[in-house]
Every structure is written in structure tokens, then in C-alpha cells.
Amino acid sequence: MVENLVIVESPAKAKTIEKFLGNDFLVKSSFGHVRDLFKKSISVDIEKDFKPNYEISSDKKKIVNELKKIAKEAKTVWLATDEDREGEAISWHLVKALNLEEDKTKRIVFHEITKTAITEAIKNPRGIDKNLVDAQQARRVLDRLVGYELSPLLWKKIKPALSAGRVQSVAVRLIVEREEDIKAFKSTSSYKITANFEINKDNKISVLNAELPKRFKTKDEALEFLNRCKSAEYTIISIEKKPAKKSPAPPFTTSTLQQEASRKLGFPVARTMLVAQQLYESGKITYMRTDSVNLSNLALSMAKKEITESYGAKYVKIRKYITKSKSAQEAHEAIRPTYFNNQSIEGDISQKRLYELIWKRTIASQMSDALLEKTNVNIDISTTQEKFIAKGEILLFDGFLKVYLESSDDGDSEAKKGVLPPLKIGEKLLLQEIIAMERFTQYPPRYTEASLVKKMEELGIGRPSTYAPTISTIQKREYVVKEDREGYLRKYNQISLKNNIIKEEIKAEKTGYEKAKLFPTDIGGIVNKFLVQYFKNILDYNFTANVEREFDEIAKGQKIWNEMIKDFYSPFHNQIEETLEKSKKHSGERLLGQDPKTGINVYAKIGRYGPIIQKGETEAEQKPKFAGMKKGQSIDTITLNEALELFKYPRNIGEYEKEEISVAIGRFGPYVKHKALFYSLKKTDDPASINKERAVELIEEKRKKEKEKLIKEFKEDTSVKILNGRWGPYISIDKNNFRIPKDKDPKNLSLKDCQDIVKESKNTPKKKYTRKPRKS
DNA sequence: CAGTGAGCGAGCTTCCGCTTGACTT
């Protein structure tokens, strides 16, 4: 029997808090939300003021029962969930799910996990803020209505199992539109002029690099300029020095951590979150899903101590950062090390690297500015009005740079600036070389997972807990793919002036290379076009910001939640009905041309399972023929010849063991079929030219692998096999698989043993198997 | 990790935000 039950969201937090409270406090965790709208249907009663139909989430039944039991016996139940909209709702749902009595239930909040903060909170309990809960209900119901009415519309109009929602559809839109911008982008070129001067001081030779602030539009202009420089004199006419400073970046939020881990460590956002979770659970960092840049007073004093001890007092500068993002709910601190004196930690390599990144960023955020001196040297050219400028930069005091420098998305476009040699006004300079290099304007950058998160945060779309899942959803739905793209060589002109001789050259550079970028698929493009056409309001980049304003009004008690939903729903539902009636099926159909043999039309479009080629008319008496498109082919770019090529499958390429071998292209790529068995082609194999010898090789290779998988088989019954699989050994009978109990040795099982195991497992009721989302 | 196709059809798919262990085919 416990006096007091405290409930928080996360077990790691529960563990920490328990230490601060006495023996008469038991701290448990709810593991997030315990109730949600019933999953199978829309579960909002439109006729009855949008009354939500909640159920205990299936994975929370156990914990709810456990909490119920403890709560019944406890004298007081303290609901200590986060102080934001979702946190308040979790507490309210707990009251409902656990049947908590009002007079023994208390709501408390604290912003820091310290003994004082918690005991202070216990002294100042309050009731549940129903307005805030209603704001959450409005958010929840709106998302359900949008998601569960739009998605079925897509099933009808485009393809089954698609999805749409307030957050994911806008994320897809960003990627589709960026790709359109890139397609429409016309690159132009201009000539950048740089000069090198030789400086000879006390027999020490160094080079001064300078640049013309202006660029020339054409090669002729650049040539003309270089010609004029032939006989010129170069004189330093002024040297300007000015102080500058650099300030550190604020501590990490979920979004900035994902961005930096992507740039500096090359982590996809899901990996960052997984590793951060491990660090959090082992007590090494604070909570990793946060939108706050705030550090607690305790953290600030730890930082001060650590910086003073490691770098000296002049490196300390305590700063309070303010969260810019309007949508921030700030229920947590920024992401920081729990103990600042741990500069590194034990753990695997990912954990070590991510921790180090967090440690450096946090420490740097409380360090002094870096002080610089920037120098501009203006160099006169006697034969023209133009001036060269040489730029230098000296670090006077490193400050936070001693520890950490944030990287940027645009790479190192800025030229390296360093220390200039000693120079004086009036000094004549000796020219080594002037180079006029053709430079091209760059198309807007494609999104990486992390830069998409950054953009979503700017638009206020999604929350720290959903950035990574959203990105994996839009990939799972095949709206976008994360891919590398080979670059190509681009020619450019370069003109140089050296020893009074002008030389023209054509050089080549690699460009267009993309690494782990997000590209829209055909389906992504078609779904987006459909949604933007018929649901412009929902796909609007400001939609979330606008409804958030209304949620805030509900939270303040200025608006009734179901009235807000009603105002939204009636026009929205009309839109759904109207679209259902008016719009045609969107298949993205494109006429490629006519089959030269028959003159029949050939189309590229989206089929039930993805992009396909159709030969003939859907309405025609003679049913059309279909062929799936290969990976990498797209409705937009496939040519008639490539399309006709696809109808050459399945193709017979010979006989093996008296049975035909054929090649075809399936859902998972090209494959070889032999005796009703399938063998995938390797990436290096070309289905158009693969021969019998290679096909046999593939068949034998797979047979060998199968053999290695086989632990035991039985002469008496060849349908029963003991195999080694992903989760260890198992028994396979026809197409059914069964686990082998841990206490049995798979090698020594008899046929009878196997049959017993099968019988046993058939008798025990199967647990519902929920499939893990595919890895992104 | 392995899995390998359809235009008759039944039944299914789907949202966003909280939070971690499931222990399978």
C-alpha cells in the first residue's frame, strides 16, 4: 500500500524523480498517451457535437490495469505529466481511464527535475485545465477528420492504401514543389575574376589572393577585362580593418540536433533519435524530444564550472536563449548532457559521437564570443576603374570556437580567408596571374531529411516527437525516395593572364552530385497534384499555423472546441463530397505514342501497384496489355521505346534441368523464374541481355544459400524442415512457420518433436501480430 | 531479411502526438 502515486510520461523520468521523493511516494510512468480515438473508424460522432469515441490503446491495457490497481489503494494520485497541451490531455485521459476520484487526484507541473522544483510542485497542486485539454481534443479530432476523410478519397481516385494528413501531405508538397523549381531552373553563367599577387618581404615570398567584386556576364567582357590588365600597374590604395565577432549557436532542440547530426555525422533523422533515446535512457542526456533552447539554472551553473575549469574564466559567458519558433510549447529543457563534467562517455561509436556533439554544442552555447579582425585591402588597377579586393581575417580570441562550430547546409561556398601578409598603402604589387572562371548559378537545393525537418519546423508543422516518423511515413507510402544521384561532368571556360599572355581553356568539373536527398516519386507527384487542386486550403503552408491560433483560443477559454471543429468540418466535408462526385480518377496518364507495329496507343500511368505501361484503350473490346515499369523509370521521362521494351518480358532464355528459364520484371525488380521458383537479378545484371549461363549461376547461388539455411529435414515427410531464420531456428511446414522453444536443440528434434511443437503452438492462441514499420 | 504481379472480388488500407518494449514469420 502506497500513500502517494505519482504518474509521469516516461519511465526514465520516473526513475529520476523517485530519487527525490520520500518512501511514501511511488513514481510510475504512463508511457505517453493511454487513450486514443478508436482506430478502425473515424470515431467522432458528427451528429452529436463531434463527440470522440476513445478507447484504451491496445499496447497500454497492461499499464492502465496496473496503474488502476495502485491508484485504488493510494491516498493521493499526483498527475505530473508535461505542462503542454498533450501533457494536460494525458493527465485528463488518465483520470478517465483509471476512474480517479476528484478529491484524491492532484495535478502538478515542474520545469526542472530537481529536488526543490519537485517538492515545490507538490506544495502547489492544481486541477486539470479543461480548456487546455479541449484544445488537444480539437487538435486530435481535426487530424482524424482530415486524415480519415482524405485518405479513402485517395483510395478511390488514385490507388489503395495511400494516405493524406495535415502534416505529411504538406511535407510531400514541399518536396514535389522543390523538384518542380529545380526542373524549371535555368542555369546562367558569369565570370568570376581572381588575382594572385606575389609579395616579397625580407626574401620571404608569399601570395596575396584578391577578387573582383563584380562578375562579367559574358566571355567577351571577361576577355576584354583581362586584355586591359595586361599592361596595368597594381597599387594598394587602402587597407580597412574592422573588428568582428561570432556568437555561438543556441543549445540543441530536436530539430537542430537532427540537422547537425545529419551534417556532421551523416545520420538519418531516425538514427539520431534512436541513439539519443539510448543516451537518455542511460541517464547521459536530458529529454531528446523538445522544442526549447532553454537551459535550467542548474545546467547553467554546471556549464560555468566546467568551462572555467577546462578553459578558464574568460571563456565563460552565460547566455539565455529565447525560442524563436511560434509553435514551441516548451515543456522541456533544451537537449543537454546531464553532467557537464563528462566530456565523453562509454558506449558504442554512435552514442559516443552524438554525445560529444551535444556536449560541445551545449558548452559552446555558454562561452564567450570569438573576436576577429577583418581586413579589406583595396587594390587599384591603373588601366580600369575596377578594383581588386583582398580579404583577410585574424582570430584575436577564439572563445566558443575552441569547442564547436555549427556547420551550414550550403557547404563551403565562401572562400577561405586567412592571415594576410604585411602590407602598406601605396605599395605596388607584382601580378602572378589573373583567372576568369566561368561559374554557374546553382538550382535550389533538394531537401535532405534534416533540412526538411528544418523547413517543417519553420512552418510550425509537426512536433519534435513526429519529425522522424513523418519522414519515414512519406517514404513508406512511396511518395518520396531518399537517393543518391551520380553527378555529371560540366564544361566551363577559363581564361588566364600570366606573363602578359592570355590563355583560353575549356575545363570540366563534376556537378549535380546528390547524396541522400529526397526525390518525389510519380505517385507523390500525382497525389500532390490532386490534393492541391481540390484541397488547396488544407495543403496551404499556413493551414497548421491558422488552426494552431484557434487551438490557442480554445486553450484560453475564448472558444468552444466542438464549435471550432464544426466550423471547419461542414465546408471541408462538402469539399470531400464534391470531389468524390466531380473529379475523375487520377492516374497521371501520359500518352507516349503508338506502337509502330500495330498503331495502338501506349500510355504510362499509375496502376493498382505502382507505375505501369498500358498498350491499348481501357474501354476497347480488346483488353489492353500491361507491363510494370522498372525501378528508376518515371511516367514523366520514360520514352516510347523504353516502354515497348518492357513488353518483351517474360522472355524465355533457355532450358536448365529440362525446365524453362524465363526472365521477367516484377514488383521487386527483375528476376529469373525456374521451376516456379524466383531468383532476383543482382544490381549489375541487365534483364535485357542476361544469358542462360548467368541465370544458372543465380539459381545455384540461391540453392546454396537455402542449403546453408537448412538445419534438418526428414525423409519421412519432406514438407517439414528445420530452418535457420532471422529470429533463429524455426520449423517450416508448407508455407507455415513455427518457433522452436528455447529449451530445445533444433538439431536433435525428431519429426515427432516437430509435430508436437506445431500442435502446441496451434493450441496456444496467437497474439495479434502488428507489423513493424519498414525501415526507412 | 526475403519476398516476386494485376484489370471478375472481399476486405483491407488511413490521421497526429505522447511514449517504449515487443519477441513475431
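Residue numbers begin at 1 in each chain, while the letters A, B, ... track the order of the sequences.
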For A:Y148 and B:dT14, is the gap between ring centres under 5.5 Å while the planes differ by less than 30°?
-> yes

Determine: side-chain N/O of A:K13 to OP1/OP2 of B:dT20, distance under 4.0 Å, yes or no.
-> no

Quick one: A:Q614 CD to B:dG7 P, roughly how many Å, whole number?
-> 14 Å

Quick one: A:F38 CZ to B:dC16 P, roughly how many Å, whole number?
-> 20 Å

Calculate, to the nearest 0.5 Å, the distance between atoms CZ and OG belonging to A:R289 and A:S10 respectively.
-> 8.5 Å

Pair A:D36 + A:K60: basic N to acidic O under 4.0 Å = no

Parallel, tilted or perpendicular for A:F543 and A:F568, by the 30°/60° rule?
-> tilted

Keeping the roles fixed (side chain from A:S29, backbone from A:F31), state whether a donor-acceptor pair exists under 3.5 Å.
-> yes

With C1' as the reference atom in both, quote the distance from B:dT25 to B:dA2 in angstrom, rounded to an integer.
-> 11 Å

Determine, for A:K15 against A:E18, whether the closest basic-nitrogen to carboxylate-oxygen distance falls under 4.0 angstrom.
-> no

A:R477 vs B:dC15: side-chain N/O to OP1/OP2 distance below 4.0 Å = yes

Please determine if A:R139 forms a cation-pi arrangement with A:W561, meaning its NZ or CZ atom is less than 6.0 Å from the six-membered ring centre and no more than 45° off the ring axis.
-> no

Please work out which of the three classes, parallel, tilted or perpendicular, describes the rings of A:F530 and A:H586, given edges at 30° and 60°.
-> perpendicular

Hey, is A:F626 doing a stacking thing with B:dG7, by the 5.5 Å centroid and 30° angle criteria?
-> yes

Distance under 6.0 Å and angle within 45° of the ring axis: does A:R144 meet both against A:Y148?
-> yes

Are A:R85 and A:E88 close enough for a salt bridge, meaning some N to O gap below 4.0 Å?
-> no

Between A:Y679 and A:H674, what is the ring plane arrangement, given parallel below 30°, perpendicular above 60°, and tilted in between?
-> tilted

Considering only nitrogen or oxygen atoms on both sides, find all protein atoms under 3.5 Å from nucleotides 17-19 of chain B and state each distance.
unit_1 : atom_1 : unit_2 : atom_2 : d
B:dG17 : OP1    : A:R166 : NH2    : 2.8
B:dG17 : OP2    : A:T466 : OG1    : 2.9
B:dG17 : O4'    : A:R139 : NH2    : 3.1
B:dC18 : OP1    : A:R463 : NE     : 3.3
B:dC18 : OP2    : A:S465 : OG     : 2.7
B:dC18 : O2     : A:H33  : N      : 2.5
B:dT19 : OP1    : A:Y287 : OH     : 2.3
B:dT19 : OP2    : A:Y287 : OH     : 2.7
B:dT19 : OP2    : A:R289 : NE     : 3.0
B:dT19 : O5'    : A:Y287 : OH     : 3.0
B:dT19 : O4'    : A:G32  : N      : 3.4

Report which part of the nucleic acid A:Q136 touches: base, sugar-phosphate, or nothing (heavy-atom distance under 4.0 Å, all strands).
-> nothing

Sorted by number, residues from residues 156-165 of chain A placing a heavy atom under 4.0 Å from DNA chain B are A:P160, A:A161, A:L162, A:S163, A:A164, A:G165

Heavy atoms of other groups near A:K673 NZ, more than 12 under 6.0 Å | no

Tell me what A:E281 touches on the nucleic acid: a base, only sugar-phosphate, or nothing, going by heavy atoms under 4.0 Å.
-> sugar-phosphate

Starting from the 5' end of DNA chain B, give me the residue, A:K62 or A:S41, whose nearest nucleotide shows up first.
-> A:S41

Where DNA chain B forms stems, i.e. three or more consecutive Watson-Crick or G-U pairs with both distances under 3.5 Å = none

Using atom NZ of A:K28 as one end and atom C1' of B:dT20 as the other, report the distance to the nearest whole Å.
-> 14 Å

Classify the nucleic acid contact of A:T473 as base, sugar-phosphate or nothing, counting any heavy atom under 4.0 Å across all strands shown.
-> sugar-phosphate

Aromatic ring proximity A:Y569/A:F50, centre distance under 6.0 Å = yes

